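Worksheet for the structure shown next.
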Protein chains: 2
Amino acid sequence: MSKSKRLMELMMAVNRKRKFTVKELAQEFGVSSRTILRDLQELSELGVPLYSEVGPHGGYQVLRERILPPIAFTEDEAVSIFFAVHALRHYASLPFESESSAALSKFYYYMSGDTRDRIDQMKNRVDFVTPERQISAPYLSILLDAAIQQKVLLIDYESRDKRTIHDIQPIGIYSRNGLWYCPAYSFHHQEVRTFRCDRMHSVAPSDMEALDLSHIHLENREVITRTDQEHIALYAELTRKGVKMYEAEPWPVLNMQTREDGSGWLEGKILTSDIPYFASFFIGLGHEVTIKEPSELLACIQSTLSELMDKYG
Amino acid sequence: MSKSKRLMELMMAVNRKRKFTVKELAQEFGVSSRTILRDLQELSELGVPLYSEVGPHGGYQVLRERILPPIAFTEDEAVSIFFAVHALRHYASLPFESESSAALSKFYYYMSGDTRDRIDQMKNRVDFVTPERQISAPYLSILLDAAIQQKVLLIDYESRDKRTIHDIQPIGIYSRNGLWYCPAYSFHHQEVRTFRCDRMHSVAPSDMEALDLSHIHLENREVITRTDQEHIALYAELTRKGVKMYEAEPWPVLNMQTREDGSGWLEGKILTSDIPYFASFFIGLGHEVTIKEPSELLACIQSTLSELMDKYG
DNA sequence: ATAATTATGACAATCCTTGTCACTATTATC
DNA sequence: GATAATAGTGACAAGGATTGTCATAATTAT
């Protein structure tokens, strides 16, 4: 193997391992230790941040930065990466250390001139918008950490009507439409609930013993948690226009089906406690929706309407 | 300069240039042409996709892929890039050739083992959700292209109530809440309007002369276009609960201010044609909002309500 | 035709690379 | 304090790789 090839592979190897010894690499590459030492010095000169310690359990390490070996990206790939990261700028809070803008400028800086030109042209023409919020969610990384390490947290939470302090065991966090949510097992409610991260006034480690929820994560939490709660079937007809309106603002739990003529219907099971929200929602759809069931929803809509008539009458 | 170092720099050089000749590089690196030829062959063997043509105006080219030189990313940077690109998977349509999943796996593949472990742990614990849509928008790249190159397009568009064919000159495209929008100058309406990309039935190049709108882009379009349209002032009081409800679903044109006690108010200028939408929206907020002006909006809410009373009464 | 370009082969001079050996220095562990 | 594991340096000779030069071919736009 030629030296240059070995250097490239060496670069990948030291990236893969966090720690390694000269002897180890010498055997792996089938060259002498002396050669590896010389190679490592050369890598060092090329910018790979190597650090070494002598003595037993000593060895080499790659510091802070990890050098990615020459990755081949197509221009399109580079462009999509750029815009994906660029879209993160809309977020007031992120669960990472948020050095993504640093990453972005590095990426941008190393791109070939004409790819950069293309990006510059596109910069003001494409965007992934997320509503800009004043609200910040400072505890994202703590929550994420707890979810990964299966730890219990004590939170001071302000819900719609009251403020309580209780223990939760986070399952994960996700952002939707600019807000961060945290599905978590609530020891107080004895079930999985979703909390708004910006409504947490404080988050601290708790002494409580964690449950084994490692098999529950963001993708499957609904399947698992939606068993022992009060659900009720919903069925509603949509006009052609109603279909379009619903498409613009769908609810994850309601499944929409369309017919050939453009009309359609909604089916799904909803939480009884969510009925008031669905009531507002369907009122917004006006004549374009006709609710068949549940009757509880119809009743709720009627009472909401008559209250509103009093207000606006 | 050692050969390995030269190869690395050569790799960067051929990335920077799109096209180059052997002689050119030979002079730049101060070696003979023969050496450069040998080096290029070696680069080729290392995976750089080089292509050459003989004859005058011939020369070397780097194909499709651009090799990024060894970029140093910190672990945090790599992680944020990963999740930013990962979030794109929610989009049914993208304006790029959508090789982002390929880019992602490359990126993932080359990362060090423990960064990969960290990502694996986080994968099911963090997400940037965008509502999944069945609707696809196949014309995104054409629209984007037209916006960049300032071209006029003839579109077959289905709006809320009718289907028309007319000329537009796109300003850009953006996605919001899972749907793609295209602000564009409409020759038919003689003003800038925003179109839903999924409602375009066809998009084709038009023969019309393009206007000079190069100074208008996504960031400034509102400032410029909001001059000669029918606007009307809106002012509404929000209760404490109303403030929280509005935060979850804000409208870009309405500015919310809060008081110390948690209550607040909304101010802004709205399009008269949008009044029906605001009516539905404020009905959804129920008792938590009190509209002061415009009276047109109040009237619209009243008529909507009485219609609904007929339906649900 | 001509000039510009890539492409390939041969060869000798030279430069670089490699392994070996000898040695030093540091440090964790017994 | 001895020992073993580790990095680090220097010297040297053998062998291998690299380089420039030259010759020559092939292709193609002008």
Side-chain angles (χ1 to χ4, degrees), chain A residues 1-67 69-70 112, chain B residues 1-67 70 112 114:
Chain A
M1 182 160 49
S2 76
K3 191 194 171 192
S4 6
K5 209 167 176 183
R6 194 181 61 231
L7 278 182
M8 300 261 184
E9 296 201 10
L10 201 58
M11 194 151 74
M12 299 194 202
V14 302
N15 263 308
R16 236 180 309 115
K17 311 169 186 286
R18 190 186 201 43
K19 248 188 135 182
F20 53 90
T21 66
V22 174
K23 209 174 168 186
E24 190 184 328
L25 288 183
Q27 281 168 0
E28 205 172 312
F29 283 87
V31 294
S32 72
S33 297
R34 189 66 240 269
T35 304
I36 291 291
L37 270 169
R38 284 192 272 240
D39 285 351
L40 286 176
Q41 184 169 353
E42 204 158 330
L43 279 192
S44 216
E45 282 161 15
L46 282 169
V48 183
L50 293 171
Y51 166 79
S52 64
E53 268 179 355
V54 297
H57 306 291
Y60 268 88
Q61 283 176 252
V62 187
L63 291 184
R64 355 165 278 288
E65 318 226 22
R66 310 308 184 73
I67 304 293
S112 71
Chain B
M1 180 162 46
S2 77
K3 191 194 171 191
S4 9
K5 209 168 176 183
R6 194 180 61 230
L7 278 181
M8 300 261 185
E9 296 202 10
L10 200 59
M11 194 151 74
M12 299 193 202
V14 301
N15 265 309
R16 236 181 309 115
K17 311 170 186 286
R18 190 183 201 47
K19 249 188 135 181
F20 53 90
T21 66
V22 173
K23 210 173 169 186
E24 191 184 327
L25 288 182
Q27 281 168 1
E28 205 171 312
F29 282 87
V31 293
S32 71
S33 297
R34 188 64 180 88
T35 304
I36 291 291
L37 270 169
R38 285 193 270 240
D39 285 353
L40 286 176
Q41 184 168 353
E42 203 158 333
L43 278 193
S44 216
E45 281 160 17
L46 281 170
V48 184
L50 293 171
Y51 166 79
S52 63
E53 269 179 354
V54 296
H57 306 290
Y60 268 89
Q61 283 176 255
V62 186
L63 291 184
R64 355 166 278 288
E65 319 226 22
R66 309 308 185 74
I67 304 292
S112 71
D114 50 335

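Being a predicted model, the structure only gives us computed values, none of them experimental. In what follows, chains carry the letters A, B, and so on, assigned in the order in which the sequence lines appear, proteins first and then strands, with residues in each chain numbered from 1.
For the pair Glu24(B) and Lys19(B), the salt-bridge criterion is not met [side-chain N within less than 4.0 Å of a carboxylate O]. Using a cutoff of 4.0 Å between basic side-chain nitrogens and carboxylate oxygens, Lys5(A) and Glu45(B) are not scored as salt-bridged.
Minimum atom distance to the side chain of Arg6(A) is reached by dT18(C), of the listed dT18(C), dT6(C), dG20(D). For Lys3(B), whose side chain is taken as the heavy atoms from C-beta onward, the closest listed nucleotide among dG8(D), dT28(D), dT18(D) is dT18(D). When the nucleotides dA5(D), dT6(C), dG20(D) are ranked by their closest atom to the side chain of Pro56(A), dA5(D) comes out on top.
Using a 4.5 Å heavy-atom cutoff, the side chains of Glu42(B) and Arg38(B) are not in contact.
For Thr35(A) and dG19(C), the shortest distance from a side-chain N or O to OP1 or OP2 is below 4.0 Å. Side-chain N/O atoms of Arg34(A) include none lying less than 4.0 angstrom from OP1 or OP2 on dA22(C). One finds no side-chain N or O of Tyr60(B) lying less than 4.0 angstrom from the OP1 or OP2 phosphate oxygen of dA4(C). Using a 4.0 Å cut-off, no side-chain N or O of Ser52(B) falls inside it from OP1 or OP2 of dT5(C).
Rounded to a whole Å, the CG atom of Leu37(A) is 18 Å from the P atom of dT24(C). In this structure, the CD atom of Glu53(A) is 8 Å from the P atom of dA28(C), given to the nearest Å. Atom C1' of nucleotide dT8(C) and atom CD1 of Ile36(B) are separated by 17 Å, given to the nearest angstrom. Put simply, CG on Asp39(B) is 10 Å from C1' on dT19(D), counting in whole angstrom units. Atoms NE2 (His57(A)) and C1' (dA7(D)) sit 15 Å apart, rounded to a whole Å. Look at CD on Gln41(B): it is 12 Å from P on dT18(D), rounded to the nearest Å. As rounded to whole Å, 16 Å separates atom C1' of dG16(D) from atom CE of Met1(A). Rounded to an integer number of Å, the gap from Lys5(B) NZ to dC16(C) P is 13 Å.
When the nearest nucleotides of DNA chain C are assigned to Gly58(B) and Glu42(A) by heavy-atom distance, the more 5′-ward of the two goes with Gly58(B). Each of Ser2(A) and Lys23(A) was assigned the nucleotide of DNA chain D with the nearest heavy atom; the assignment lying further toward the 5' end belongs to Lys23(A).
Tested against Arg6(B) for a side chain to side chain contact (heavy atoms under 4.5 Å, CB included), the candidates Met8(B), Lys3(B), Glu9(B) yield a single pass: Lys3(B).
Looking at Arg38(B), its side chain comes within 3.5 Å of the base of dG20(D) through a donor and an acceptor atom.
Using a 4.0 Å heavy-atom cutoff across all strands shown, Gly55(A) reaches at least one base atom of the nucleic acid.
Checking Ser52(A) against Gln61(A) by side-chain atom types alone, no donor-acceptor pair falls below 3.5 Å.
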